Amino acid sequence: MTENALTFRDVSAGYKHRKVLDRVSFSLQAGEFVSLIGPNGSGKSTLLKTAAAFIKPHGGRVELFGRDVARLAPRERAALLGIVPQKLESPMAFTVEQIVTNGRVASMGLLGSVSSGDCDLVERAMIYTDVLGMRDRFFGELSGGEQQRVALAMVLAQEPKLIMLDESISHLDINHRNEVLQILLKLNREEQLTILLVSHDLSLSAAISDRLLLMQDGALKAAGIPQDVLRADLLSSVYNCDLQVRQDPYTGALQVSGPLEGQQRSPKTGCRVHVIAGGGSGIELFRRLLLEGHRVTAGVLNLLDSDAEAARALNIESVFDQPFSPIATATLEKAKRLSREADAVIVSHVPFGTGNLVNLDLAAEALKLGRRVYIATGIAGRDYTSGKQATAKVESLMKAGAVCWESLHELLAALHEQKTH
Amino acid sequence: MCADNRFTEKKPSLPRLRLVLFLLAVPLLLLVSLMLGPSGVGFPDLSTPVGNAIASLRFSRMLMGLMTGAALAASGVVFQALLRNPLAEPYVLGVSGGAGLGATISILAGASLALPLSLPVIAFVSAVLTLMLVYGIASQGSGGQPSVYSLILSGVIVSAICSSIIMFLVSTASVDGMHNVIWWMLGSLQPASIAQQQFSALLITAGIAGTWALSSRLNALVLGREMAHYQGVNAGLVIVVGLLFSTLLAATAVSLSGMIGFVGLIVPHVMRASFGPDHRSLLPLAALGGGVFLVICDAVARTILAPIEIPVGVVTALVGGPFFLLILQRRMKQAWIA
């Protein structure tokens, strides 16, 4: 049985006022190549910091090669685990070689004397990462990708048995990214180096990793071989957008593609939609609809409303009315002109009062004209009219064929379907 | 390709040449300082008792200058590394102010006359207390690890408070005490008692040796506390020990020669710009550079308006300032990425 390089047992960790990791348990076997994926802010960096005992866990236990990381001397820990940061920053003008030499700091004598063995390690790390030619250049003068390779060289010089890379390769050009990955794969194969790669490139992670770990909101959502983790439904819910996973019939490689690819392939095929919003319920809706390539109109919006601001800022054709008064008939007519031209009318999670109740008539008319109408669920909780008139109206709309929607993801999928039919 | 060659071929030879020139200049400058004094330019005649006395006075002032300058410069190097900031130095962090306040109290209380070694000890203790106060204020609400900016801000504030307390004490002191304190505050390399000199030499040697032993860890810390941690450096310990050593250096310098500004800030910058930021070589070089710089400034201070002696702090800033600014303007990029 192979040894575990890293084990998290029920680890909770975070910062003073914010808990990030919530009872995370997993282990990496020695010699494995694992990618850690997950949306921004899901706790990937915190997990790395906790593994290196830079953050002390509130609960649970972290083990490096079977030993409690909290009890390892700094020097022993550095011999087991090296971390390549997202970005290495040096306020002072160190040369590349001086930076890489830092990787040996734990084994240096008191006066910083470097043994010849250490020198060889530094040299070898620079050759591996192709930075030897720039050894006397100032680190700060290098490009972002070159700096990343220097950072990797520094960690390689440290000679750890487990290397974690915190999105370190995302800034590299395609040539150097492949080179760095080849170095990592080679070290992984030939020297049994365990590697944990934090990455946002899901397809690439799937191609190179033995296993994937998927994080969401500080918890481990899934772990396993790429085929088990890269499932469209799982990814779509974790990343909160519409993702597809395709498998290349020849190579078996998994390709994750998002809504952007679809849009680029078929531009300007979006629907024309009219949005009934208010009270800030429309901002995210506008943004996502525009991103999907739909043509958006809105109204009637109250002039002081944050949705009115957003509509103006996003250049959305809208109809406005004065605040604190019922919507004027003339204004409603203008809005009707917009909604008649739309392929679909969307009612957001907007609260209804006597003032904006007539907006629902727009939806009713559209439905009569054979347009699709999408209404956000939970109208009863947003109905502030006397006698629950809005709820009644919505119910009759639903009977007449309106569709209800809950999450943006759902709504966008429905629109997509409508578009293709 | 072209750019690569330019960088890889030319760079190494220049610092080496600069290093040789610097090391040759040090003994020469020290000799020059022995030739300067209010009694005239040139080596004193050692065959006469007067000449002998002048020579020994100039020699002991040279030693005072070397010790004080080395301590201030080394202390500045360490503060700048630990805080990763070019503004950091003993004055900015309130360490010198705290040491000065302690020294003032001990001078006014007469303790320094009774016990010759009490001055450096009290200066060190009050400097450490001040540093702890600054650190404590800066850590408020930041969860134990203060940002550099809040450290510098609270350092400047505490420093201002210390100097106003010093002024208050001086204004209410007797004429004698006032004279002693003001003369000491202006900063001078008048030789202290032999016992104090020996004790200070011991502390400064220990301080420089201690910080030098940390130098490879300081290099790692410049890349940030987190990165240093990942590389197997006990970052917290190195920071505390480094702060204690550099505070010891600054406090000893202050107790020995008073408030001499500028050396702790500018000498580290110039040496870093000239020889690179690797602390393993920077620390000893900065100590040497600071010592020689102060010795020369003192020689100028006692000679230029002889028999009047101007405070050495005036010379360090007036003469050293423009000179160093010139160097820094041209070479700052080799020291800090700004």
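FYI, side chains are in, hydrogens and waters are out, and symmetry mates aren't considered; it's all heavy atoms of this structure. All values derive from a computational prediction rather than experimental measurement. Protein chains get the first letters and strands the later ones, always in sequence-line order, with residue 1 at the start of each.
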Rounded to the nearest 0.5 Å, what separates atom [atom1] in [X] from atom [atom2] in [Y]?
X	Y	atom1	atom2	result
B:Leu223	A:Leu88	CG	CG	5.0 Å
B:Tyr230	A:Met154	OH	CE	11.0 Å
B:Glu226	A:Lys49	CD	NZ	4.5 Å
A:Gln98	B:Ser216	CD	OG	12.5 Å
B:Asn219	A:Thr101	CG	OG1	9.0 Å
A:Met92	B:Leu282	CE	CG	7.5 Å

Just so I understand: if I count every heavy-atom pair under 4.5 Å between each of B:Arg225, B:Arg84, B:His279, B:Gln80 and chain A, which residue has the most? B:Arg84
Around B:Tyr149, counting heavy atoms of other residues, nucleotides and ligands shown, do more than 12 lie under 6.0 Å from its OH? no
Count the heavy atoms belonging to other residues, nucleotides or ligands that lie under 6.0 Å from CG of B:Leu21, then report whether that count exceeds 12. yes
How would you list, by chain and number, every residue that makes a ring pair (Phe, Tyr, Trp, His ring centres under 6.0 Å) with B:Phe262, sequence neighbours excluded? none
Under 4.5 Å from a heavy atom of chain B, the part of A:Ser107 involved: neither
Side chain, backbone, both or neither: which part of A:Ile83 has an atom under 4.5 Å from a heavy atom of chain B? both
Write out, in numerical order, the residues from residues 62-78 of chain A with a heavy atom short of 4.5 Å from a heavy atom in chain B. A:Pro74, A:Arg75, A:Arg77, A:Ala78
Is any side-chain heavy atom of B:Asn85 less than 4.5 Å from a side-chain heavy atom of A:Pro91? no
Looking only at heavy atoms, the pair that brings B:Met227 and A:Pro85 closest together is SD-CG, 3.6 Å
Show the numbers, then the answer: is there a side chain to side chain contact (heavy atoms under 4.5 Å, CB included) between A:Arg104 and B:Gln231? CA-CA 8 Å; A:Arg104 299 306 307 160; B:Gln231 289 172 332; over 6 Å; no
